[in-house]
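Only one structure is covered here, and it is reproduced in the block below.
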Amino acid sequence: MLSKSGKPTSAGAALGQHQADFEGLLEAAPDAMVGVDRAGVIRFVNRQTETLFGYGPGALIGRLIETLVPESFRTIHQGLRERYAAAPKTRALGYELELRGRRWDGSEFPVDISLSHTGAGDDLLVIAAVRDMTARNEAEASRRQSDRMSAVIEFSGEAIISTAPDGSITSWNPAAERLYGYTRQEVIGKPVSLLVPEGLADESAAIQTKLLAGRHVESLEAVRVRKDGKVITVLLTVSPICDKDGAVVGASAVARDVTEEKQAAQNARSLAEAEDLVRTMMASAAIGIALADLDGRFRVVNQSLRDLVGYHEAWFKAHRVRDMVHPDDLDDVLRRRTRVLAGSSDTAKVRLVRADGTTVWVRRVSVLIRDVDGEPNLLMVQVEDITAEHEAHEALAFQAIHDPLTGLHNRAWILDILAADLRAAKRAGTAVGTMFVDLDNFKIVNDSLGHAAGDEVIATVAERIVAALRPGDRVGRFGGDSFVIVVQDVRDVLDVERFAERVSAAIGVDLQVHGHRIVPTASIGIAVSSSTSMPEGLLRDTDSALHRAKAAGRGRWQFFDDAMHAKAVARLTVEDQLRDAITAGEFVVVYQPIVTLAEATVVGHEALVRWAHPTRGLLSPADFLDVAEDSGLITPIGAQVLDHVAAMLAECPDLPGPISVNVSAVQLAAPDWLGGVTDTLARHGVDPSRIVIEVTETAALSLTGPALNALTTLSGLGVGIHLDDFGTGYSSISVLRDLPVTGVKLDLRFVRDLTTRPSQANALAHGLAGLVNGMNLTGIAEGIETATQANILRAQGWRLGQGYFFGRPAAIPVTDLFTGDVMDA
Ligand code: C2E
Ligand code: MG
Ligand code: MG
């Protein structure tokens, strides 16, 4: 463009020959080319230069090169130019200097300049190729920034992903891999909705809409799902990515996992809420609540519980839950505690002891409370006052089996208990006695004095019956004026009759009712069970016995069974008469001789009691001994017998041998028996060796310590001890060893059964003879009625005998027997 500049220069002359080529080159160069002479004057430019710097054609020619340099740079530029002129060297300037150009309009822009030159000295022409660096610099800056961004993204702890407008993932940093569990390869190109749980697509779409509108989504708490299916909560910040023109070309999302923070916050919130709730609930609860540690020490006690038991705050601090439990319920409570600690909740009815010592019934629910890790932590004990409920229940239960007027049991209960008593009696081999006690003429009391008076009489009679009972007896009211009594463990009908007598006597005492004197009497029906009795049947019998008692004239008792009744009456009569007989001294003694079987020599006597009954004649022990033993009257009777015997011995000192006296177990058990015996002997001056005590083998088996001692003492004094009815007991040999026995009397049943042929009785009698002789005991065979029996026994080894064959019991002992030829010598 030199030609167009119009002004020829020295450089132009130097270039002259290649002018056309040079101009072509200049115009074809991509950069702006400026030629400057040694003085800094622009000698040529190409069109690109004029365009770049905004000048018209040729406008730059002849101007100083500094025209194209910003003001602030001119001094430096001049210096550079002058140094180059002094030592020209082709080089590229640019980056290092951050050169800038100045346009015609004054605006500046970055340039890169490459210098070269031609000519030398004054002809030096510097050629500068100027390149506009604006675009390149910007690109470079943006590239650098992008590099920095990449690094930031790569090492960020937060998941950073970017998406295209269609929602497909375009970038995915390692933190995103960690957060969502997908690798970069797995997600690039996939829709970002992959991370959104089903059902939350709407929320995700809403974000997308905002982004497309160019808006940010800031700190949004969103739920996302990981590759492994785990749902997480993230804090999202999503920004649109826009190009220069503001068009949205994608989005970037930064996500931080806040699942745990959120959970912790949630937990803290719910814990605080729960605590609040518990506190409020406990404070306002109508039932008593205590929180205790596993040891039972109180931690928190609500007002209701404090009010219920009345203990002060300080008491609860120093005590455990068990300390307020009633001692009778403590075992149960401690047992249940174990179950509660094992994790099962427990409901129980227990008693608590209040501060004032009174008892309160509560329903108590205990629950084990665990901490967040599931470890047992506390016990929650709730107690509800159910005293009223309990009392109502008890009252109902009481009413169900009690008669309201007398407080006695009612018919229903008696029927139940009777069934049980009957079963027990059957097992024990005893009987149950039932009695209906019915007031006589009660209707008259009721009608004349009124029901209130009648009730009073009933209540009083009930008290009197109760007072007459023995432990274990049952009484109930069957309505109206009739009562039922159940007597357990009946061994003898007589017991029931005696009891009836006692009840009758207890009832029949004067009574003041509403100013009137009444003597109540009762008729009593009695039945005694058999092994097949049933409650209803037994009560029916009792009832019919009662009707007969009423019919027979009131104020008396009647047995259901006549024979039973007769027997009972007889025995009762006997007992009464025995008492009188003792006083009257109606007992006499008969003596039966004891002889040698070889020669029938009298060697002693047995004293046998007889009752000289005023109307019935001389009665044998069989007629009264049972009653005498049952009633204990045998003791005074026995004393009289011994007295007679001692008197006899004292009177007839020449009687052969001792006199044997029978003593029953009842006598032996009497505490003063031994003293009585020694006193009697001493009183009559009788040598103890002239007395033999006969104790039945059966009685000997049941002897207690004191009785044994008594026998031993007597034996020591020289009194003989014989086992009577020997062979009927079951431990003959041990009895012989353990007792101070001096002789035995073979029971008359053996003797009766003896035959001339071999038999069991023969064998036994024979064996026992050997035993007796072997032990050096006195052996006496009883009840010998024939010579044959005497001979067999003698042949077996029995040396002594007793029986009608030798002599019947008689009032006077004999010294000699005349047997004549009856003896088989
Ligand atoms: P036991 O001690 O075995 O007396 C023998 C019984 O057999 C007497 O009956 C006697 O009379 C009877 N007896 C004697 N020889 C014969 C005979 O050949 N054949 C028959 N069948 N019987 C004979 P008893 O006197 O009726 O006495 C009965 C039982 O009463 C006595 O049996 C004795 O255990 C008891 N007993 C008698 N007297 C007393 C007494 O003073 N005190 C006590 N505690 N018990 C007495
Ligand atoms: Mg005897
Ligand atoms: Mg006997």
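Whatever order the structure lists them in is the order used to number ligands and atoms, beginning at 1.
Given atom 31 (C) of ligand 1, the protein heavy atom at minimum distance is L608 CD2, 4.2 Å. Annotation: atom 5 (C) of ligand 1 to nearest protein heavy atom, E782 OE2, 3.5 Å. Among all protein heavy atoms, the one lying closest to atom 32 (O) of ligand 1 is D724 OD2, 4.6 Å. The protein atom (non-hydrogen) at minimum distance from atom 15 (N) of ligand 1 is Q592 NE2, 2.8 Å. The closest protein non-hydrogen atom to atom 44 (N) of ligand 1 is Q667 OE1, 3.2 Å. Of the protein's non-hydrogen atoms, E785 OE2, 3.1 Å is the one closest to atom 21 (N) of ligand 1. The nearest protein atom to atom 35 (C) of ligand 1, hydrogens excluded, is given as L625 CD2, 3.9 Å; this is a heavy-atom distance. Annotation: atom 18 (O) of ligand 1 to nearest protein heavy atom, Y804 N, 2.8 Å.
The cationic group of R808 lies under 6.0 Å from the six-membered ring centre of Y804 and within 45° of the ring axis, placing it in a cation-pi geometry.
Within the structure, ligand 1 lacks E629 among the residues with a heavy atom less than 4.0 angstrom away. Not a single heavy atom of K745 lies less than 4.0 angstrom from ligand 1. Heavy atoms of G638 come nearer than 4.0 angstrom to ligand 1 in no pair at all. Within the structure, the closest approach of A622 to ligand 1 does not fall below 4.0 Å when heavy atoms are considered. Residue contacts with ligand 1 do not include Q802, since none of its heavy atoms lies under 4.0 Å from the ligand.
Taking OH of Y591 as the reference point, atom CG of L655 lies at 8.5 Å (rounded to 0.5 Å). Between the CZ atom in R470 and the CD atom in Q488 there is a gap of 9.5 Å [rounded to 0.5 Å]. Taken to the nearest 0.5 Å, the CD atom of E694 stands 12.0 Å off from the CD1 atom of I659. The distance from atom OG1 of T542 to atom CZ of F560, rounded to the nearest 0.5 Å, is 8.5 Å. Here H644 contributes atom NE2 and T680 contributes atom OG1; the two are 11.5 Å apart, rounded to the nearest 0.5 Å. In this structure, the separation between CD on E606 and CG on D724 is 6.0 Å, given to the nearest 0.5 Å.
The Mg ion (ligand 3) lies closest to atom OD1 when only the N/O/S atoms of D724 are considered. Within D725, the N, O or S atom at minimum distance from the Mg ion (ligand 3) carries the name OD1. The Mg ion (ligand 3) sits nearest to atom OE1 when only the N, O or S atoms of E782 are considered.
Counting backbone and side-chain atoms alike, N662 contributes an N/O/S atom closer than 2.8 Å to the Mg ion (ligand 2). Among the backbone and side-chain atoms of D747, none of the N, O or S atoms lies under 2.8 Å from the Mg ion (ligand 3).
Ion pairing between D421 and R474 holds under the 4.0 Å rule for side-chain N and carboxylate O. Taking 4.0 Å as the cut-off between side-chain N and carboxylate O, D543 and R540 do not count as a salt-bridged pair.
When A665, G807, P621 are checked for heavy-atom proximity to atom 29 (C) of ligand 1, P621 turns out nearest. Across the listed options V609, D747, N662, L748, N662 owns the non-hydrogen atom lying nearest to atom 42 (N) of ligand 1.
Within 4.0 Å of atom 9 (O) of ligand 1, not a single protein heavy atom is present.
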